[in-house]
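Fair warning: this is a prediction, and the values are worked out from it, not measured in the lab. Order of appearance sets the numbers: ligands from 1, and atoms from 1 within every ligand.
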Amino acid sequence: MRKPIIAGNWKMYKTFSEAKEFVEEVKGLAPDASKVDSVICAPALFLQQLQASVEGSTLQIGAQTMHEEKEGAFTGEISPAQLADLGIPYVIIGHSERRQYFNETDASVNKKVHAAFEFGLTPIMCVGETLEQRESGSTGSIVENQVAEGLKGLTEEQASKTVIAYEPIWAIGTGKTATAEDANEVCGIIRKKVAALYNDETAQQIRIQYGGSVKPANIEELLGMEHIDGALVGGASLETESFVKLLEAGLHA
Ligand SMILES: O=C[C@H](O)COP(=O)(O)O
């Protein structure tokens with residue numbers, strides 16, 4: 001039985017005051033951590049204070065990206081060592097917006113995933129196809145390739161601890177959700193690929209999230225699917241009420 005992981009990705013939304021107020025309100029409402037992993041991936045600027053404010057609660061704080069090097073002359077970047085030093089447990093790697101606007105590639109995603117493990121962080125590695133790729137029937141091969149390249153060189157143990165977020169790019173922030181069946185089919189392809197790259201045990205352990213216009217109205221159906229173990233949520237993670245509902249849905253998955 002895989003533990004569901006519901007993660008909000010705030011992207012570049014919220015001021016620090018808004019973020020702190022949100023976390024203060026939600027931290028007492030997050031489910032038992034032995035049943036659901038509840039995560040907010042906040043802007044880097046807020047991580048230290050939010051991490052301090054969730055101490056002792058079941059709400060966890062994650063980062064939205066990081067550099068692959070431990071340190072160096074990389075103006076504006078944050079390193080895995082810096083995140084680890086703050087006690088941040090999760091980091092999103094290779095979100096489609098990072099791939100699209102910040103030139104991240106499967107090769108850089110792979111370096112970052114390795115760096116995350118080196119510093120004790122759990123990567124949430126994003127994969128997903130464009131609308132054009134879906135319409136041309138290449139979703140499966142695109143996603144399989146992203147998974148193979150992203151996990152390249154990881155040990156079996158590391159691979160089993162990686163969280164993979166399947167986010168069809170055409171469903172992000174558009175209100176268009178993949179049907180639960182379609183999302184499950186691609187998550188199944190991902191699990192099968194992990195089995196081929198490693199083995200069945202690793203494939204059964206790895207957690208796969210769906211992301212793309214997830215909201216309280218559709219999360220239960222998505223989480224009811226065999227291969228969907230959680231959600232990576234943008235818009236609906238910005239309001240306390242809807243985020244808490246998403247976390248509660250994790251309890252019934
Ligand atoms: O990381 C989250 C995804 O980009 C989904 O965003 P969305 O829930 O606003 O569609």
Exercise. Thr240 and Glu25: side-chain hydrogen bond (donor to acceptor under 3.5 Å, both in side chains), yes or no, with the steps?
Worked result: CA-CA 7 Å; Thr240 53; Glu25 196 177 331; 3.3 Å; yes
Exercise. Around ligand 1, what residues show up once you keep those with a heavy atom under 4.0 Å from it?
Worked result: Asn9, Lys11, His95, Glu167, Ala171, Ile172, Gly173, Gly212, Ser213, Leu232, Val233, Gly234, Gly235
Side-chain donor/acceptor pairs under 3.5 Å, residues 193-201, sequence neighbours excluded:
from: Tyr198; atom 1: OH; to: Leu151; atom 2: O; distance (Å): 3.2
from: Tyr198; atom 1: OH; to: Leu154; atom 2: O; distance (Å): 2.9
from: Asn199; atom 1: OD1; to: Glu201; atom 2: N; distance (Å): 3.3
from: Asn199; atom 1: OD1; to: Thr202; atom 2: N; distance (Å): 2.8
from: Asn199; atom 1: OD1; to: Thr202; atom 2: OG1; distance (Å): 2.7
from: Asn199; atom 1: ND2; to: Glu156; atom 2: OE1; distance (Å): 3.2
from: Asn199; atom 1: ND2; to: Glu156; atom 2: OE2; distance (Å): 3.3

Seminar exercise, completed: Contacts of Glu129 meeting salt bridge (Lys or Arg N to Asp or Glu O under 4.0 Å) (sequence neighbours excluded), chain-then-number -> Arg134
Problem set entry | From NZ (Lys35) to CE (Met1), nearest 0.5 Å | 11.0 Å
Problem set entry | Flag if over 12 foreign heavy atoms under 6.0 Å of NZ, Lys11 | yes
Exercise. Taking the hydrophobic residues Ile, Leu, Val, Met, Phe, Trp and Tyr, and joining any pair whose side-chain heavy atoms are under 4.5 Å apart, which ones share a cluster with Met12?
Worked result: none
